[in-house]
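Working notes, structure below.
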Amino acid sequence: MFQELTPSLMAAEAAVIMSVYKNDKALDVYNSINSILYQEYKDFVFLISIDGDIKGDVDTLLKIFEVKDARVLIIKNKDNHGLAWCMNQLIDKIVLELPSVEYIFRMDADDISMINRMKVQTDFLKTHQNIDVLGSACYEFGMFNKIIKKYEQDYEIKKNIIKVTPFIHPSVVFRRNVLQGGIRYPANTILSEDLALWLQLSLDGYVFYNLPNALICYRLTKATLKRRVSLKKAKSEAVERIRFILKNKRDIAKNIIYVIAHFIIRNLPVNIIKVFYKTLR
């Protein structure tokens, strides 16, 4: 459970949610957390869910952060439940116990947020009240060093939502109202919880936007690619996409072709996927 919430934390305008699990490395976690704690924007709480057993040095590091910075609040779970479950656990805590939080930021334990990320995104949401979910471009590092951009406008994102995943997941910030009513990450997918959530939010009419600014540094390694390539994940994504197509009832033939293409790509050898990632994005 969290430490006792102080009045200042109870009044925070934003929250950052992150999960840590057994494969996360201490240096990556250290850099990721520090990139949030040293943001230009200060009015936030940082909620971290420990997903089962983790490395000893990572556990020690998290304890140090929790003691040194009152904004860091940690829940330690005995068992490993997966990313979607941990995200939903933290979202529930925000909705039930942090009524002043208006903006909910995603962060991953091996990525880095630019120092102005939270300020840029909160400022944008305050001046664009119609936007519900806001992402950004990223600096991709590790395997390749390049800037990755997504479609910006809502109509572009949704027109291409089967062809291209709409957001770089750890760049996203939600308005509270998106999650207040009970929408959560689907926990019954195979490493596809973010895609499933974007498709559901699109069907529900929430408004998307991506900033062209690269506001995070996103780590892509061979291990990342291996997690994305499997028959189980390919089937899970195909099910989510087909479910969306049948409900949306637009561009059915074209989108079915995209589903088939995604399915084939998810089952290719990692070395071939690597070439696609390098040349086609």
Side-chain angles (χ1 to χ4, degrees), residues 83-84 87-88 91 103-104 106 121 124-125 127-138 147-213 215 218 227-268 273 276-277 279-281:
L83 179 61
M87 292 297 96
N88 292 340
I91 291 167
Y103 310 113
I104 301 172
R106 272 289 288 118
Q121 289 185 297
F124 186 88
L125 287 174
T127 56
H128 297 77
Q129 294 292 325
N130 62 313
I131 304 300
D132 298 304
V133 186
L134 177 65
S136 79
C138 75
I147 293 177
I148 303 297
K149 293 189 175 185
K150 294 287 188 177
Y151 290 106
E152 294 179 22
Q153 301 288 338
D154 182 71
Y155 75 91
E156 295 177 301
I157 295 170
K158 289 175 179 174
K159 180 181 178 181
N160 294 282
I161 200 167
I162 297 299
K163 177 183 175 183
V164 180
T165 304
F167 296 108
I168 298 162
H169 192 189
S171 78
V172 161
V173 53
F174 303 91
R175 283 193 191 276
R176 181 190 187 93
N177 71 285
V178 176
L179 304 169
Q180 182 78 44
I183 292 177
R184 297 292 183 268
Y185 285 90
N188 58 347
T189 69
I190 307 296
L191 299 176
S192 306
E193 60 280 327
D194 54 335
L195 173 65
L197 180 61
W198 310 143
L199 295 176
Q200 184 58 55
L201 293 177
S202 177
L203 287 172
D204 289 345
Y206 289 100
V207 179
F208 297 163
Y209 196 87
N210 276 305
L211 295 170
N213 321 46
L215 296 178
Y218 182 82
R227 288 197 300 271
R228 295 179 180 179
V229 178
S230 74
L231 180 58
K232 286 184 178 180
K233 178 172 171 60
K235 286 181 177 178
S236 180
E237 287 190 350
V239 167
E240 295 301 328
R241 288 187 168 107
I242 290 171
R243 183 181 291 127
F244 173 87
I245 290 168
L246 294 177
K247 290 180 179 179
N248 192 49
K249 298 178 180 178
R250 295 178 184 171
D251 300 321
I252 293 177
K254 180 181 73 173
N255 283 328
I256 289 294
I257 292 172
Y258 288 139
V259 172
I260 294 169
H262 278 290
F263 186 86
I264 293 171
I265 290 170
R266 290 295 185 210
N267 287 285
L268 291 174
I273 298 290
F276 282 155
Y277 269 69
T279 58
L280 299 181
R281 299 177 307 140

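For reference, positions follow the sequence shown, starting with 1.
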Using the rule given for side-chain contact (heavy atoms from CB on, under 4.5 Å), can you reason through Leu231 versus Phe263, listing the C-alpha separation, both sets of side-chain angles and the distance that settles it, and then say yes or no? CA-CA 8 Å; Leu231 180 58; Phe263 186 86; 3.8 Å; yes

Evaluation steps, side-chain contact (heavy atoms from CB on, under 4.5 Å), between Lys150 and Val164: CA-CA 8 Å; Lys150 294 287 188 177; Val164 180; 3.7 Å; yes

side-chain contact (heavy atoms from CB on, under 4.5 Å) for Asn130 and Tyr209? Distances and angles first, verdict last. CA-CA 10 Å; Asn130 62 313; Tyr209 196 87; over 6 Å; no

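In plain terms, the two heavy atoms of Val178 and Ile183 that are nearest each other are O-CB, 3.8 Å. In this structure, Val229 and Leu268 approach most closely via the heavy-atom pair CG1-O, 3.1 Å. Taking both residues in full, the closest heavy atoms of Pro212 and Lys149 are given as O-CE, 3.6 Å, listed atom of the first, atom of the second, then distance. Across all non-hydrogen atoms, the minimal contact from Ile161 to Ser202 is CD1-CB, 3.8 Å. When all heavy atoms of Ile168 and Ile148 are compared, the closest pair comes out as CD1-O, 3.8 Å. Looking at every heavy atom in both residues, Arg241 comes nearest to Ile162 through NE-O, 3.5 Å.
Looking only at distances, no side-chain donor or acceptor of Asn213 sits under 3.5 Å from a matching main-chain atom of Ser136. At distances below 3.5 Å, not a single donor-acceptor pair connects side-chain atoms of Ser192 with backbone N or O atoms of Thr189.
Taken from OH in Tyr206 to CG in Leu197, the straight-line distance is 10.5 Å, to the nearest 0.5 Å. Rounding to the nearest 0.5 angstrom, the gap separating the CG atom in Leu179 from the CG atom in Leu201 is 7.5 Å. Note: Asn210 CG to Ser171 OG = 6.0 Å, rounded to the nearest 0.5 Å. Note that OH of Tyr185 and CZ of Arg106 are 5.0 Å apart. Values are rounded to the nearest 0.5 Å. Atom CE of Met87 is separated from atom CZ of Arg184 by 12.5 Å, given to the nearest 0.5 angstrom. Here the CD1 atom belonging to Ile245 is positioned 4.0 Å from the CD1 atom belonging to Ile256, to the nearest 0.5 angstrom.
Considering only residues two or more places apart in sequence or on other chains, Arg175 meets the side chain to side chain donor-acceptor pair (under 3.5 Å) condition with none of them. Looking at residues two or more places apart in sequence or on another chain, you find no ring pair (Phe, Tyr, Trp, His ring centres under 6.0 Å) involving Tyr218. Take Arg176 and apply the salt bridge (charged side-chain N to carboxylate O under 4.0 Å, His left out) test, not counting sequence neighbours, and it matches no residue. By the side chain to side chain contact (heavy atoms under 4.5 Å, CB included) test, Asn188 pairs with Pro186, sequence neighbours left out. Judged as a side chain to side chain donor-acceptor pair (under 3.5 Å), and not counting sequence neighbours, Tyr103 has no contacts. Residues passing the side chain to side chain donor-acceptor pair (under 3.5 Å) test with Glu193: none are found, sequence neighbours excluded. For Val239, the side chain to side chain contact (heavy atoms under 4.5 Å, CB included) partners two or more places apart in sequence, or in a different chain, are Arg243. By the salt bridge (charged side-chain N to carboxylate O under 4.0 Å, His left out) test, Arg228 is found to be paired with no residue, residues two or more places apart in sequence or in another chain being considered. For Leu191, the side chain to side chain contact (heavy atoms under 4.5 Å, CB included) partners two or more places apart in sequence, or in a different chain, are Arg227, Lys233. Residues meeting the side chain to side chain contact (heavy atoms under 4.5 Å, CB included) test with Ala261, sequence neighbours left out: none.
Phe174 places none of its side-chain heavy atoms less than 4.5 Å from the side chain of Gln180. Looking at heavy atoms from C-beta onward, Phe124 lies out of side-chain contact with Val173 at the 4.5 angstrom threshold.
Within the structure, every pair that satisfies the side chain to side chain donor-acceptor pair (under 3.5 Å) test and touches residues 245-268, not counting sequence neighbours, is listed here: Glu237-Arg266. Residue pairs meeting the side chain to side chain donor-acceptor pair (under 3.5 Å) criterion with at least one member in residues 156-167, sequence neighbours excluded, are Asp154-Lys158.
Between Tyr151 and Phe208, the ring center distance fails the sub-6.0 Å criterion.
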